[in-house]
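Here's the structure we're looking at; comments come further down.
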Amino acid sequence: MKVSIFILAFLLFSTIGFSQETETKYDETLAKSLHADEYGMKKYVFCLLKSGTNTTASKEETQKLFEGHMANINKLAKEGKLVVAGPFMKNDRKYRGIYIFNVETIDEAKALVATDPAIKANLLEAELTPWYSSAALQEITKIHDKIAKTKM
């Protein structure tokens with residue numbers, strides 16, 4: 001019985017010890033390089049992509065425009081202007097995807113949206129709003145490149 005209580009106590013304390021977070025140290029150099037404020041946050045512009053008004057584009061034209069859309073996403077990501085992009089799953093709200101732009105103003109984001117062939121052709125429409133989130137989002141592309149077996 002004493003052995004069972006001892007083992008139970010040992011397991012309980014071991015689990016508690018392993019589950020506690022380890023203290024991380026503030027990295028001022030990293031924070032400054034990411035333009036983080038004192039909370040580790042920064043301004044972005046969130047973009048909600050919706051189905052556009054162009055419903056007459058041919059299948060071939062749509063395919064070509066979306067190839068340009070993907071190329072533009074990759075270009076903006078490499079430039080550090082786009083930190084997150086991705087499609088929504090099928091839904092009844094006409095939501096197609098999101099962008100999170102690494103810019104502080106709507107005007108800067110509008111200029112970036114204007115470079116998207118699918119938006120120019122009205123296959124997609126963009127709704128923009130200021131957004132405040134972790135400055136660490138900018139590191140996603142670097143991490144993603146390490147875990148993507150097949151590139152898009």
Side-chain angles (χ1 to χ4, degrees), residues 11 14-152:
L11 291 174
S14 295
T15 303
I16 291 170
F18 285 119
S19 68
Q20 291 179 348
E21 288 186 33
T22 58
E23 186 179 327
T24 56
K25 303 234 180 195
Y26 173 69
D27 185 335
E28 184 175 1
T29 303
L30 179 60
K32 283 182 178 180
S33 75
L34 297 175
H35 305 287
D37 65 14
E38 65 183 296
Y39 303 106
M41 309 281 278
K42 73 178 292 299
K43 293 178 187 175
Y44 297 95
V45 174
F46 180 89
C47 176
L48 178 62
L49 296 172
K50 299 178 182 179
S51 295
T53 57
N54 183 350
T55 58
T56 60
S58 70
K59 196 175 202 176
E60 293 79 21
E61 183 182 8
T62 298
Q63 182 178 347
K64 184 176 179 181
L65 288 166
F66 274 97
E67 286 172 5
H69 169 74
M70 294 304 297
N72 192 59
I73 287 172
N74 288 324
K75 175 183 163 289
L76 292 174
K78 284 180 183 161
E79 292 172 355
K81 298 292 184 186
L82 184 64
V83 294
V84 174
F88 283 114
M89 307 312 270
K90 191 172 183 137
N91 64 80
D92 60 355
R93 294 185 169 169
K94 297 187 179 185
Y95 292 168
R96 300 291 298 274
I98 66 165
Y99 289 153
I100 297 176
F101 290 114
N102 191 14
V103 297
E104 291 193 11
T105 69
I106 297 293
D107 286 339
E108 290 173 289
K110 282 180 182 177
L112 297 174
V113 163
T115 65
D116 188 314
I119 292 173
K120 282 190 216 177
N122 293 318
L123 291 177
L124 298 173
E125 90 178 32
E127 192 174 294
L128 302 167
T129 190
W131 192 54
Y132 183 65
S133 187
S134 173
L137 277 180
Q138 299 166 84
E139 298 297 292
I140 286 178
T141 302
K142 294 174 191 169
I143 296 167
H144 182 78
D145 287 344
K146 293 178 183 177
I147 62 171
K149 193 173 190 178
T150 304
K151 304 295 182 204
M152 296 180 89

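In this chain, residues are counted from 1 in sequence order.
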* Asked: Taking only residues two or more places apart in sequence, or in another chain, which ones meet Glu38 in a side chain to side chain contact (heavy atoms under 4.5 Å, CB included)?
  -> none
* Measure the CZ-OH distance between Phe46 and Tyr99 for me, rounded to the nearest 0.5 Å. => 12.5 Å
* Counterpart residues, side chain to side chain contact (heavy atoms under 4.5 Å, CB included), relative to Glu125 (two or more places apart) -> Lys50
* Any pair counted as ring-ring contact (aromatic ring centres under 6.0 Å, His included), so long as it reaches residues 56-77, sequence neighbours left out -> Phe66-His69
* Structure fact -> Interatomic distance, CD@Gln138 vs NE2@His35, rounded to 0.5 Å, equals 7.0 Å
* Residues which pass side chain to side chain contact (heavy atoms under 4.5 Å, CB included) with Ile106, listed by chain and number, not counting sequence neighbours -> Val45, Lys110, Leu128, Pro130
* Structure fact -> Distance col, row Leu65:CG vs Asn122:CG, nearest 0.5 angstrom, shows 10.5 Å
Side-chain donor-acceptor pairs under 3.5 Å in residues 87-94, sequence neighbours left out?
residue: Asn91; atom: OD1; partner: Arg93; partner atom: N; Å: 2.9
residue: Asn91; atom: OD1; partner: Lys94; partner atom: N; Å: 3.3
residue: Asn91; atom: OD1; partner: Tyr95; partner atom: N; Å: 3.2
residue: Asn91; atom: ND2; partner: Met89; partner atom: O; Å: 3.0
residue: Asn91; atom: ND2; partner: Tyr95; partner atom: O; Å: 2.9

* Asked: Any ring-ring contact (aromatic ring centres under 6.0 Å, His included) pairs touching residues 111-130, not counting sequence neighbours?
  -> none
* Asked: With Ala31, which residues qualify under side chain to side chain contact (heavy atoms under 4.5 Å, CB included), at least two apart?
  -> Tyr26, Ala36
* To do: Can you see which heavy atom on Lys81 is nearest to which on Leu112, and at what distance?
  => CB-CD1, 3.9 Å
* At what distance, to the nearest 0.5 angstrom, does CE of Met41 lie from OG of Ser133? -> 5.0 Å
Would you tabulate the side-chain donor-acceptor contacts of residues 55-62 under 3.5 Å, counting partners in other chains and residues two or more places apart, or write 'none'?
residue: Thr56; atom: OG1; partner: Asn54; partner atom: OD1; Å: 3.4
residue: Ser58; atom: OG; partner: Glu61; partner atom: N; Å: 3.0
residue: Thr62; atom: OG1; partner: Ser58; partner atom: O; Å: 2.9

* Asked: Would a 4.5 Å heavy-atom cut-off, applied to side chains only, mark Ile140 and Leu137 as touching?
  -> yes
* To do: Please identify each residue that fulfils side chain to side chain donor-acceptor pair (under 3.5 Å) with Lys75, with sequence neighbours left out.
  => Glu79
* **Whether Tyr39 side chain and Ser134 backbone form a donor-acceptor pair below 3.5 Å** => no
* Can you sort out the partners of Thr105 under side chain to side chain donor-acceptor pair (under 3.5 Å), two or more places apart, ordered by chain and number? => Glu108
* Working to the nearest 0.5 Å, report the span between CE of Met70 and CG of Asp116. => 10.0 Å
* Asked: Where do Thr141 and Leu82 come nearest, in terms of heavy atoms and distance?
  -> OG1-O, 4.4 Å
* By salt bridge (charged side-chain N to carboxylate O under 4.0 Å, His left out), which residues pair with Glu104, not counting sequence neighbours? -> none
* Asked: Partners of Asn74 by side chain to side chain donor-acceptor pair (under 3.5 Å), sequence neighbours excluded?
  -> none
* Asked: Between Val103 and Ala109, what is the shortest heavy-atom contact and its length?
  -> CG2-N, 3.8 Å
* Structure fact -> For Val113 and Cys47, the nearest pair of non-hydrogen atoms, with its separation, is CG2-SG, 4.4 Å
* Could you state the interatomic distance from NZ (Lys120) to CG (Asn72), rounded to the nearest 0.5 Å? -> 8.0 Å
* **Val84 vs Tyr44 side-chain heavy atoms within contact, under 4.5 Å** => no
* Structure fact -> All heavy atoms of Ile98 vs all of Leu49, minimum pair found to be N-CD1, 4.5 Å
